[in-house]
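These notes concern the structure reproduced below.
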Amino acid sequence: MAEEVKTTCFEGNGVKRFQVFLQLSEEHKVLLPCLLHNILPEEFKRIGLDKSSLDVLGVGSGGGEMDVQILTLLQSTFPAVPITTDIVEGSAELTDNFKALLAKTTNLQKIPFAWHLMTSQNYEKQSKAKGDMKKFDFIHMIQMIYYVDDFGDTIKFYHSLLKNNGMLMIVIDSTHSGWDILWKTYKKELAVDVITECRASAEVIACLKNQGLKYEEHVIPNPFDITECFDPRSKTGGLLLHFFTLKANFHQSFTPEIRAGILDLLRSKCSTEKDGKVIFNNNVSCILVYA
């Protein structure tokens, strides 16, 4: 249980901070059109060609907002092909949110779901212990590669689960995005608990090259307004700062000098100012890794 607590930060207030980030950044609303219209349609046609069934694995799927849209696209691409879905998610609260969302998504009612309420590392351990590992046509890891101890081993493991013509999709913050700059500048202060290594698209791509894997990267711009972070009276700004730093209370977790440095960095190098607003560089990379 100790490992679960250490590696899962999306319970209670953690979920609330995450939802504030999603609301302000509209990350899902920005990602989904790019994925559903520009990236995945042709890939799904290739993956599902001549398949009698399709198996999908979501790793770190959270509340399932992205999953239901992706599964809907896959189902509409191959309406007569049975689909199964496995979900690996360490947060009980987000898993419950996912199940509630599914209950309202009528077109997915016939898809069987296997729920693995555990971290990615524990799923890997259990799968290897069983020896008979299930293979998948499509695996996605959306904004979760930060939370594993050894992301190279993680990528290698999930890539090994791909079936013929299968694909692994990794969504991660782009190199030189605001997140990348913030966490690499203040690595000593930030990468100490849930996330212990600073990772962005460049680290993932270097790993893929090292493993000799074929990949393709799509960068998706997603700037958003973080002006409220600079108003100490703003509850929303405080929650967003907590999410940026993964600290329970931004204003109490750092010395005045570190707080001032983080705020200055967020304003100057992680963002641009326009019409009196601070616009954060929230660029995201969608990396497709082929079997």
Side-chain angles (χ1 to χ4, degrees), residues 3-4 7-8 35 40 43-64 66-92 94-96 98-99 101-102 105 107-145 147-171 204 207-208 211-215 287-291:
E3 183 180 354
E4 291 294 329
T7 54
T8 301
L35 293 178
L40 290 180
E43 294 294 341
F44 279 174
K45 290 176 185 176
R46 179 190 61 80
I47 290 169
L49 184 65
D50 297 327
K51 296 282 181 71
S52 59
S53 64
L54 291 166
D55 299 296
V56 177
L57 172 63
V59 187
S61 288
M66 300 285 285
D67 296 64
V68 296
Q69 299 290 336
I70 290 170
L71 286 169
T72 296
L73 173 63
L74 183 61
Q75 184 184 59
S76 65
T77 306
F78 298 99
V81 177
I83 299 171
T84 73
T85 301
D86 285 60
I87 301 295
V88 177
E89 171 56 54
S91 167
L94 288 177
T95 298
D96 287 342
F98 194 157
K99 291 178 179 179
L101 179 60
L102 273 179
T105 311
N107 61 291
L108 300 181
Q109 299 300 317
K110 293 183 179 180
I111 295 181
F113 279 76
W115 302 95
H116 308 275
L117 186 58
M118 62 186 70
T119 62
S120 171
Q121 284 112 315
N122 283 348
Y123 178 77
E124 181 176 346
K125 288 176 185 176
Q126 289 193 14
S127 298
K128 289 179 177 178
K130 290 178 182 177
D132 182 23
M133 292 183 282
K134 182 177 179 179
K135 301 285 186 175
F136 299 91
D137 299 283
F138 179 61
I139 301 173
H140 61 79
M141 302 190 297
I142 299 174
Q143 297 288 35
M144 63 72 58
I145 203 73
Y147 303 99
V148 299
D149 292 333
D150 189 323
F151 77 102
D153 283 350
T154 298
I155 290 172
K156 185 176 181 180
F157 167 69
Y158 285 107
H159 186 266
S160 75
L161 299 185
L162 291 176
K163 293 195 285 187
N164 182 44
N165 287 337
M167 187 178 74
L168 166 64
M169 183 178 78
I170 301 171
V171 174
V204 171
C207 174
L208 297 175
Q211 295 185 22
L213 300 178
K214 182 183 176 183
Y215 72 91
I287 303 172
L288 310 179
V289 189
Y290 299 98

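If you're wondering where the values come from, they're calculated on a predicted model, not measured in any experiment.
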Do you know the tightest heavy-atom contact between Ser52 and Pro82? O-CD, 3.3 Å

Examine distances only and state if a side-chain atom of Asn165 and a backbone atom of Ile47 form a donor-acceptor pair shorter than 3.5 Å. no

Taking Gln75 for the side chain and Asn107 for the main chain, is one N or O donor matched with an acceptor at less than 3.5 Å? yes

Check whether more than 12 heavy atoms from other residues, nucleotides or ligands sit under 6.0 Å from atom NZ of Lys134, and answer yes or no. yes

Show the numbers, then the answer: is there a side chain to side chain contact (heavy atoms under 4.5 Å, CB included) between Phe157 and Lys128? CA-CA 10 Å; Phe157 167 69; Lys128 289 179 177 178; 3.8 Å; yes

Minimal heavy-atom distance between Ser120 and Thr154, with the atoms involved, is OG-CG2, 4.1 Å

Hey, is the main chain of Leu94 close enough, under 3.5 Å, to the side chain of Ser91 for a donor-acceptor pair? yes

Spacing of CD belonging to Glu43 relative to CE belonging to Met169, to within rounding of 0.5 Å: 10.5 Å

Would the distance check show the side chain of Thr119 and the main-chain N or O of Asn122 forming a donor-acceptor pair, the cut-off being under 3.5 Å? yes

Test side chain to side chain contact (heavy atoms under 4.5 Å, CB included) on Tyr158 and Val289; report intermediate values, then the result. CA-CA 10 Å; Tyr158 285 107; Val289 189; over 6 Å; no

Any non-hydrogen side-chain atom of Ile111 less than 4.5 Å from a side-chain atom of Leu74? no

Shortest non-hydrogen contact between Leu102 and Gln109, atoms and distance: O-NE2, 2.8 Å

Considering only heavy atoms from C-beta outward, does the side chain of Leu35 approach that of Met66 to under 4.5 Å? yes

Working to the nearest 0.5 Å, report the span between OG1 of Thr84 and CZ of Phe113. 9.5 Å

Closest heavy-atom pair and its distance - Leu49, Phe78: N-CZ, 4.1 Å

Ring centre gap for Phe44 and Phe138 strictly below 6.0 Å: yes

Check Thr95 against Leu117 and note the closest heavy-atom contact, atom names and distance. OG1-CD1, 3.6 Å

Would you call Met167 and Arg46 a side-chain contact if the rule is heavy atoms closer than 4.5 Å? yes

If I take atom NZ from residue Lys99 and atom CD from residue Glu89, how far apart are they, to the nearest 0.5 angstrom? 11.5 Å

Rounded to the nearest 0.5 Å, what's the gap from CD1 on Ile170 to CG on Leu168? Could you check? 4.5 Å

Any donor and acceptor pair, going by atom type alone, linking the side chain of Lys135 with main-chain N or O of Ser160 inside 3.5 Å? yes

If you measure from CG on Leu161 to CD1 on Ile139, what distance do you get to the nearest 0.5 Å? 5.0 Å

Out of curiosity, His159 NE2 to Leu213 CG, how far, rounded to the nearest 0.5 Å? 4.5 Å

Could you tell me whether the side chains of Gln121 and Tyr147 share a donor-acceptor contact shorter than 3.5 Å? no

Closest non-hydrogen atoms of Ile145 and Val148, given as atom of the first, atom of the second and distance, are O-CG2, 3.4 Å

Parallel, tilted or perpendicular: ring planes of Trp115 versus Phe98, cut at 30 and 60 degrees: perpendicular

Is the closest side-chain donor-acceptor distance between His140 and Asp67 under 3.5 Å? yes

Between the main-chain N or O of Gly152 and the side-chain N or O of Gln211, is there a donor-acceptor pair closer than 3.5 Å? yes

